[in-house]
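Have a look at the structure below before the remarks.
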Number of protein chains: 2
Amino acid sequence: MENKHSGTVGVKKIAQLAKVSIGTVDRVLNNRVGVSEKTKAKILKIIEELNYQPNIFARRLASKKKLRFATLIPKVSEETKYWEAPLTGILQAAAEIKDFGIEVIPFFFDQNNKTTFKESTSKINAEEFDGVLMAPMFEDESIAFIEQCNVKKIPLVFINSDIPGHDNLCYIGPNLYQSGYLSAHIVNYISPANKKTLIVNISREIDLHHHLLRKEEGFRNYFEESGSTNELTKIDIQQTGYAHIQQKLTEQLAKDNYDVVFVTNSRVSTVAKYFEENNIKDVKLIGYDFLEENINHLKNKTIDFLICQKPQEQGYRGLMSLYNHLVLHSTIEKEQFMPIDIITKENYQYYSN
Amino acid sequence: MENKHSGTVGVKKIAQLAKVSIGTVDRVLNNRVGVSEKTKAKILKIIEELNYQPNIFARRLASKKKLRFATLIPKVSEETKYWEAPLTGILQAAAEIKDFGIEVIPFFFDQNNKTTFKESTSKINAEEFDGVLMAPMFEDESIAFIEQCNVKKIPLVFINSDIPGHDNLCYIGPNLYQSGYLSAHIVNYISPANKKTLIVNISREIDLHHHLLRKEEGFRNYFEESGSTNELTKIDIQQTGYAHIQQKLTEQLAKDNYDVVFVTNSRVSTVAKYFEENNIKDVKLIGYDFLEENINHLKNKTIDFLICQKPQEQGYRGLMSLYNHLVLHSTIEKEQFMPIDIITKENYQYYSN
DNA sequence: TATAATTTCGTGTACGTTACCGTTAACCAA
DNA sequence: TTGGTTAACGGTAACGTACACGAAATTATA
């Protein structure tokens with residue numbers, strides 16, 4: 001009866017079998033220095049054989065190690081409340097992993113102001129963080145920051161939009177191309193052949209544009225591939241004030257009669273507002289994101305479909321990926337595409353962002 | 001420097017402040033007997049003031065308490081693999097809470113055989129379980145089992161379909177009515193006025209029928225409420241063999257030309273097979289569930305839309321609800337409706353069940 | 001060869017909680 | 001008074017891991 005708890009395999013059991021102390025076992029487990037290759041191999045072998053799984057509770061209890069994560073996303077503005085959702089997800093994850101000794105410190109920037117982005121990245125760079133979650137909206141500035149993190153070996157997670165070809169832990173967000181492609185499919189269903197579709201891009205910063213362009217590409221390619229006879233027109237509206245949008249829309253809608261309008265982002269509510277004010281009812285409207293104002297227009301039947309990509313879950317899973325990587329050492333999928341959800345008047349009530 | 005860890009509030013600190021031993025504190029914490037009302041009140045007051053939160057890691061490490069959950073769902077059959085998904089969710093949750101001292105034991109029954117259901121419930125009743133998750137498919141038999149559990153104060157979670165008006169912990173699953181309603185909405189979009197729609201019920205056991213009837217009700221009500229001019233016809237096919245379904249469909253389709261066929265459950269793939277064999281291409285087909293055979297027909301474009309309600313998550317959240325209730329003592333929402341997801345050829349690849 | 005430097009390893013304590021065993025004191029009956 | 005019962009509480013050994021400290025063994029240097 002040497003070991004009364006012969007059922008559970010722990011450091012004690014391993015040490016016993018390897019004829020060393022638990023201190024030594026501990027060293028190889030946390031691959032610290034100070035153990036000869038020979039005994040290390042022996043211990044590793046036993047660990048393998050017993051399929052040892054460390055007790056996370058005991059580990060957490062004994063460890064006083066703390067990790068600090070930084071998050072960097074756009075601040076919630078009057079213009080769009082889209083970023084409320086990812087923030088909620090981030091805070092939710094933060095609450096869950098708090099007990100595991102992880103502190104999450106959120107940073108924000110103004111989507112219309114590159115400088116605020118740069119300021120935040122340098123703040124993050126100045127303090128010492130163990131992991132960073134960010135929405136890499138400005139390409140050049142993001143790449144510069146990525147380099148800094150790579151030098152310091154700080155894992156980086158992207159959400160919402162990707163900057164491919166750079167060394168980060170993972171990307172969690174939509175497959176933009178596919179999401180535009182799906183929208184086109186819906187358009188095709190609801191408006192049969194020989195109809196006219198207007199694509200509307202509303203975005204101030206050109207930097208964010210590649211994001212929208214990918215969607216547009218998917219949208220257009222669907223029609224090409226399916227040999228559709230639908231006619232596509234596109235306008236870019238580079239100012240986000242209502243007056244300007246109003247004017248642009250009036251100009252455009254005077255030119256032709258469109259059957260469907262596809263707005264490439266969450267600004268679809270602005271177009272809906274315009275439709276309602278001008279009593280336009282026979283034009284189908286499709287846009288993006290589960291925002292209160294959008295949902296209201298969905299209820300009104302002004303907006304017909306919303307495409308949504310679980311922004312809250314993006315924030316949640318982003319932080320969890322850092323946690324899983326750093327604490328649990330599990331392998332993280334490099335590209336985690338969100339589902340492409342179709343929201344209508346009939347199912348929005350049960351949608352979870 | 002009496003207490004070096006003056007930062008963390010634990011039993012030790014509480015005991016110190018209340019001038020009692022930690023044993024006494026432990027007794028009031030786990031409201032065991034053996035402590036006078038006076039000291040109990042004093043300790044409770046301190047706990048309140050310090051906002052003491054027990055350390056779950058220390059608790060788990062020291063506690064040898066075990067909980068046992070039973071799950072009861074249909075077994076995966078050749079007829080339909082639907083129940084694979086909830087089972088996966090159950091197993092996933094089981095793996096996650098295993099370390100917290102919870103053992104999950106799955107039971108199964110044959111959807112076409114009430115006796116197997118009763119056998120399983122009495123098995124569960126015989127052993128002592130601390131919580132039960134079930135798909136209450138047979139109404140009377142389920143109610144009998146509910147009574148038994150209520151007597152023993154065993155919390156019960158329903159998934160996939162509900163039996164309202166009985167005392168259970170919660171229901172996690174679709175809002176069936178709304179899901180039929182949504183389907184009707186889609187039908188309405190893809191086939192304009194004055195079209196003919198065929199509703200197809202394929203189900204052997206009449207007991208399961210109320211499940212399908214609720215969907216049909218939602219479906220019909222949509223058309224009524226929207227004053228649609230579409231014409232609805234319905235057939236019930238009470239044998240699930242292909243030959244029989246084939247014959248019934250042939251009979252029905254001879255009667256009229258339908259524009260849309262709505263199948264009220266996952267058997268839609270059978271109809272799709274029939275369509276393909278008979279080269280029927282101009283009829284839109286809508287059905288339920290993210291199953292491999294259904295997805296294949298979605299790819300073929302034989303099926304146009306699938307409605308899906310996250311069966312895997314139902315299993316997962318069901319077990320988690322038991323855990324949250326019994327271990328974390330958190331309050332559980334009585335009705336947890338799943339999102340109503342619309343799956344098409346373009347977004348199925350990113351769907352998570 | 002002796003001594004210093006370095007590597008390798010063992011021991012002890014702490015983490016916060018649980019659960020059990022022991023102790024004390026109060027009470028009642030004989 | 002004594003003995004017995006019981007409510008009320010104290011004390012403490014686990015649980016499995018982390019980590020600091022120091023001892024021992026090995027290697028390098030003089």
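Every value quoted in this text rests on a predicted model; they were computed, and no experiment measured them. Numbers restart at 1 for each chain; the letters A, B, ... are given by sequence-line order, proteins then strands.
- The side chain of B/Thr24 contributes no N or O atom lying less than 4.0 Å from OP1 or OP2 of D/dC9.
- Residues forming a side-chain hydrogen bond (donor to acceptor under 3.5 Å, both in side chains) with B/Arg317 (at least two apart in sequence, or on another chain): B/Glu313, B/Gln336.
- Which of C/dG10, C/dT18, D/dA18 sits closest to the side chain of A/Asn30 comes down to D/dA18.
- Side-chain N or O atoms of A/Gln314 include one that pairs as donor or acceptor with a backbone N or O of A/Asn160 at under 3.5 Å.
- Between B/Asn168 and B/Ile146 there is no side-chain heavy-atom pair separated by less than 4.5 Å.
- Among the atoms of the strands shown, base atoms are found under 4.0 Å from some heavy atom of B/Gly23.
- In this entry the distance linking CG of B/Leu29 with C1' of D/dC9 reads 16 Å, nearest Å.
- What separates CD of A/Glu37 from P of C/dT7 is a distance of 13 Å, to the nearest Å.
- A/Val11 comes within contact range of at least one nucleobase, with a heavy-atom separation under 4.0 Å.
- Near DNA chain C, meaning a heavy atom under 4.0 Å from it, residues 39-59 of chain B has B/Tyr52, B/Pro54, B/Asn55, B/Ala58, B/Arg59 in order of number.
- If you take CG of A/Asp26 and P of C/dA14, they are 17 Å apart, rounded to a whole angstrom.
- Counting distance only, with no hydrogens placed and no angle test, the side-chain atoms of A/Arg60 and the base atoms of C/dG16 include no donor-acceptor pair under 3.5 Å.
- Phosphate contact (OP1/OP2 of D/dA7, side-chain N/O of B/Ser36, threshold under 4.0 Å): absent.
- Taking the charged nitrogens against the carboxylate oxygens, B/Glu49 and B/Lys45 do have a contact shorter than 4.0 Å, which makes a salt bridge.
- Along DNA chain D, the nucleotide closest to B/Ala62 and the one closest to B/Val25 are compared, and the more 5′ of them pairs with B/Val25.
- Atoms CD (B/Gln16) and P (C/dG16) sit 12 Å apart, rounded to a whole Å.
- With a 4.5 Å cut-off on side-chain heavy atoms, B/Asp130 and B/Ile154 do not count as touching.
- Atom pair A/Lys19:NZ and C/dT11:P shows a separation of 15 Å (rounding to whole Å applied).
- Using a cutoff of 4.0 Å between basic side-chain nitrogens and carboxylate oxygens, B/Glu103 and B/Lys98 are not scored as salt-bridged.
- Considering only the side chain of B/Leu61, D/dG16 comes nearest among D/dC9, D/dG16, C/dT18.
- Under the 4.5 Å side-chain criterion, counting only non-hydrogen atoms from C-beta, A/Asn30 is in contact with A/Asp26.
- Protein atom NZ of A/Lys12 is 14 Å distant from nucleotide atom P of D/dA13, rounded to whole Å.
- Within 4.0 Å of A/Gly34, counting heavy atoms only, lies at least one base atom of the nucleic acid.
- Rounded to a whole Å, the CG atom of A/Asn31 is 15 Å from the C1' atom of D/dC19.
- Residue A/Arg27 contributes atom CZ, which lies 11 Å from atom C1' of C/dT7 at whole-angstrom precision.
- A/Asp99 and A/Arg60 are not joined by a salt bridge, as no carboxylate oxygen comes within less than 4.0 angstrom of a charged side-chain nitrogen.
- A close approach under 4.0 Å does not occur between any side-chain nitrogen or oxygen of A/Arg32 and OP1 or OP2 of D/dA18.
- In this structure, B/Ile22 reaches the bases: a heavy-atom distance under 4.0 Å links it to at least one base atom across the strands shown.
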